[in-house]
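See below for the structure under consideration.
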2 protein chains.
Amino acid sequence: MAMLGRRPVRPSGPVTIHDVAKAAQVSLSTVSKALNGTGQLREETRDMVRRVAEELRFRPSEIARSLSGRQRRTIGLISSDHHGRFSLPVLEGIQDTLDAESISVFLCNAAGDPERERQHIHSLLANRVDGIIVTGTRATPRHPLNLEGEHLPVFYAFSRVVDPDYPCLLPDDRGGGQLAGEHLCRLGRSHVVHVTGPAHVEAVQHRRQGLEHALAEHGLALPPERVLTGSWSEAWGHEAVDRILAAWPSTDAIFCGNDQIARGVVDALRARGVRVPADIAVVGFDNWEIIAAATRPPLTTVDMNLHELGRQAGLQLLTMIDGGEVRGVQRLPCSLVVRESCGGQMSQNRG
Amino acid sequence: MAMLGRRPVRPSGPVTIHDVAKAAQVSLSTVSKALNGTGQLREETRDMVRRVAEELRFRPSEIARSLSGRQRRTIGLISSDHHGRFSLPVLEGIQDTLDAESISVFLCNAAGDPERERQHIHSLLANRVDGIIVTGTRATPRHPLNLEGEHLPVFYAFSRVVDPDYPCLLPDDRGGGQLAGEHLCRLGRSHVVHVTGPAHVEAVQHRRQGLEHALAEHGLALPPERVLTGSWSEAWGHEAVDRILAAWPSTDAIFCGNDQIARGVVDALRARGVRVPADIAVVGFDNWEIIAAATRPPLTTVDMNLHELGRQAGLQLLTMIDGGEVRGVQRLPCSLVVRESCGGQMSQNRG
DNA sequence: GCAGTCACGGAAAGCGTTTTCCGTTGTGAG
DNA sequence: CTCACAACGGAAAACGCTTTCCGTGACTGC
């Protein structure tokens with residue numbers, strides 16, 4: 001009356017390699033070899049073991065594997081960003097790379113708290129991760145990770161370290177600014193104003209330099225007073241428009257430090273009866289879809305390719321883990337996403 | 001001439017318990033006991049061992065620990081959301097809970113791809129996690145995780161499962177709609193229109209029901225034709241305003257299904273010279289800071305408390321891991337964030 | 001002074017893998 | 001028919017820790 005069939009019995013916990021060995025009537029080592037494709041076994045044996053293992057739903061314990069010296073195939077990801085506007089695409093890019101290599105990720109959110117960060121690092125070290133990626137805000141450069149004396153590859157993605165020797169990948173803000181400037185010049189605009197974020201932020205300075213460079217190549221100057229620094233908000237965009245219209249009525253283009261400012265600028269211009277792009281062209285920065293696409297007209301803006309940045313960060317860490325040398329600040333090119341706030345691409349011959 | 005000092009020598013890799021034992025001149029087991037507070041040791045011995053361990057920067061391998069039967073103290077987090085507008089706060093809430101318990105998190109981004117999800121689950125199982133939290137979009141109910149026959153606690157946070165028996169935590173959308181409705185009623189508004197997202201979405205239905213309920217309690221009806229369903233976009237907000245002003249000029253309040261719609265509505269109203277909130281009060285949903293606060297006037301809106309939702313999801317999973325019974329759909333109350341789009345709280349006696 | 005108790009700390013057996021090293025067996029050649 | 005040599009697969013050590021079980025020595029009480 002009892003079930004006497006060959007239903008696999010699993011008394012306690014997951015199937016181990018022992019269970020497989022017993023079921024397949026071979027030794028432990030044979031199972032291991034069969035499943036890992038190592039050693040010298042008849043193909044026949046291999047297949048048999050494989051079949052049994054599958055039937056038993058054997059799933060080798062990664063823990064046990066890592067213990068016996070293999071690579072851990074796990075990395076740590078420390079994020080200091082809580083707002084997450086930028087972290088998320090980066091994070092996804094990183095995962096893309098690591099997924100492809102079947103590497104697991106320990107996620108740690110330090111939330112800017114040094115004590116919490118310390119604990120997370122401790123935990124990562126205790127878990128013997130193969131490497132660490134740090135990501136988060138880059139507004140202010142951070143100190144390098146304190147690895148408690150351990151040696152471990154660390155890569156900084158979208159995160160600036162005080163010492164420029166540490167391997168890190170950042171968007172090419174200068175290039176981004178340049179893209180915007182060139183686009184405006186190509187469209188024949190010549191009275192450009194730059195409305196941007198806090199003056200002390202590195203990205204703000206770089207974007208401005210890029211713009212300046214592009215304008216210069218077209219024989220145009222960007223006088224310092226036409227660079228308005230403020231906060232990263234729509235409200236600042238509105239305020240800036242007041243000043244611009246009052247001070248320089250001949251303005252025909254505004255490059256904004258981010259999309260929120262750009263949205264404020266566009267809204268304010270519309271409210272004042274200034275046509276975008278006919279009277280004034282506007283370029284944003286970030287390509288924050290939800291804002292850029294909803295603006296009326298939709299924003300032409302610079303995209304930092306954060307997903308790609310994450311992907312490459314992942315690759316670089318892998319390189320480091322494999323013993324490769326990676327150092328210093330690298331910059332990933334931005335790209336320009338053309339929507340309607342500068343006029344169609346059709347008119348690009350007009351300049 | 002050689003350095004004969006007692007500089008701790010670390011020939012290869014991390015310090016092990018052996019190294020500590022040797023340095024402290026005691027046995028392995030004594031070190032383990034001293035460091036874990038188990039066994040019977042003189043406080044003196046304990047201290048001594050502790051000191052040596054610290055000096056050597058001994059960091060017990062979590063891997064080895066988990067192998068020898070202890071709890072793994074690690075969970076998996078499967079996220080199917082790539083946009084991440086909602087995942088992020090949830091995710092942070094979860095981490096808050098788990099950090100407090102020193103539990104590590106394996107992050108997996110399935111990105112909606114079943115094959116990728118399968119691989120991640122496999123990896124989590126192989127890593128012997130203690131439990132799994134699934135989070136992501138809830139627009140359409142998902143199938144339960146396929147655990148390959150393994151038994152493991154799984155909790156669904158902000159993610160709907162087809163079978164309502166699975167343990168899951170969702171925002172109380174109905175309650176949220178009710179909050180909005182009550183707020184409007186209290187402010188004396190009586191001609192309410194509801195502009196919301198796709199009709200088939202559960203949250204859309206619930207929010208509408210909540211609104212209806214609140215109105216009913218104040219003797220007001222919400223005729224079906226005054227519920228306008230569309231997309232979750234600003235553009236839809238604009239369009240809806242056209243219809244509303246044409247069809248029901250006496251409208252004095254609009255409850256929007258999310259903040260993007262609300263923003264579109266407010267912008268459109270302003271463009272048509274309708275004053276917000278004087279003529280029409282507007283309530284949003286989501287409390288998406290970046291939109292709600294930047295709208296002019298800033299949006300009064302419903303907050304789903306996603307961070308708290310994540311926190312509680314973490315706690316629930318811990319309960320399950322500890323053997324507790326958790327089942328069925330639970331709802332977390334929303335709260336109302338009052339800004340300016342309905343008028344100040346001052347005027348609440350006006351009704 | 002002697003047995004009986006403790007307090008202490010060491011030896012060793014796991015935990016689930018991989019990997020190295022050997023002992024079989026079967027084959028072909030001499 | 002024996003020998004050498006592959007080819008195959010098993011035994012056992014190792015990975016770094018926890019934990020159980022014991023052996024020691026020092027203390028108590030008589």
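In what follows, every heavy atom counts, from backbone to side chain, and hydrogens, waters and symmetry copies are set aside. Just so it is clear: chains get the letters A, B, ... in the order the sequence lines come, proteins before strands, and each one is counted from 1.
Note on A:Thr30: a side-chain N or O is less than 4.0 Å away from OP1 or OP2 of D:dG10. Note on A:Ser61: every side-chain N or O is 4.0 Å or more away from OP1 and OP2 of C:dC15. Contact between the side-chain N/O atoms of B:Ser68 and the OP1/OP2 oxygens of C:dC15 is not found at any separation under 4.0 Å. Using a 4.0 Å cut-off, some side-chain N or O of B:Thr45 falls inside it from OP1 or OP2 of C:dG9.
Between B:Arg65 atom CZ and C:dC15 atom P there is a gap of 19 Å when expressed in whole angstrom units. B:Glu62 places its CD atom 10 Å from the C1' atom of D:dC17, with the value rounded to the nearest Å. In this entry the distance linking CZ of A:Arg73 with P of C:dT18 reads 14 Å, nearest Å. Summarising the geometry, the separation between NZ on A:Lys33 and C1' on D:dA7 is reported as 12 Å, rounded to the nearest angstrom. Taking atom CD of residue A:Glu44 and atom C1' of nucleotide D:dA7, one finds them 13 Å apart after rounding to whole Å. The CG atom of B:Leu67 sits 14 Å away from the C1' atom of C:dA13 (whole-angstrom rounding). One interatomic measurement links the two molecules: CG of A:Asn36 to P of C:dT19, which rounds to 7 Å at whole-angstrom precision. Atom CD of A:Gln25 is separated from atom P of D:dG10 by 10 Å (rounded to the nearest Å).
Rounding to the nearest 0.5 Å gives a distance of 12.0 Å between OG1 of B:Thr45 and CD of B:Gln40.
Each of B:Ser29 and B:Ile63 was assigned the nucleotide of DNA chain D with the nearest heavy atom; the assignment lying further toward the 5' end belongs to B:Ile63. Judged by closest nucleotide on DNA chain C, B:Arg42 is the one of A:Thr16 and B:Arg42 placed further toward the 5' end.
With salt bridges taken as basic N to acidic carboxylate O contacts below 4.0 Å, one links B:Asp165 and B:Arg327. Between B:Arg72 and B:Glu62 no salt bridge is recorded (no basic side-chain N to carboxylate O distance below 4.0 Å). Salt-bridge formation is not detected for the pair A:Glu148/B:Arg57: no Lys NZ or Arg NE/NH1/NH2 atom is positioned less than 4.0 Å from an Asp or Glu carboxylate oxygen.
At a threshold of 4.0 angstrom between heavy atoms, the contacts of B:Ser32 include nucleobase atoms, whether or not backbone atoms are also involved.
Distance alone, capped at 3.5 Å, is enough to place a donor-acceptor pair between the A:Arg73 side chain and the A:Glu101 backbone.
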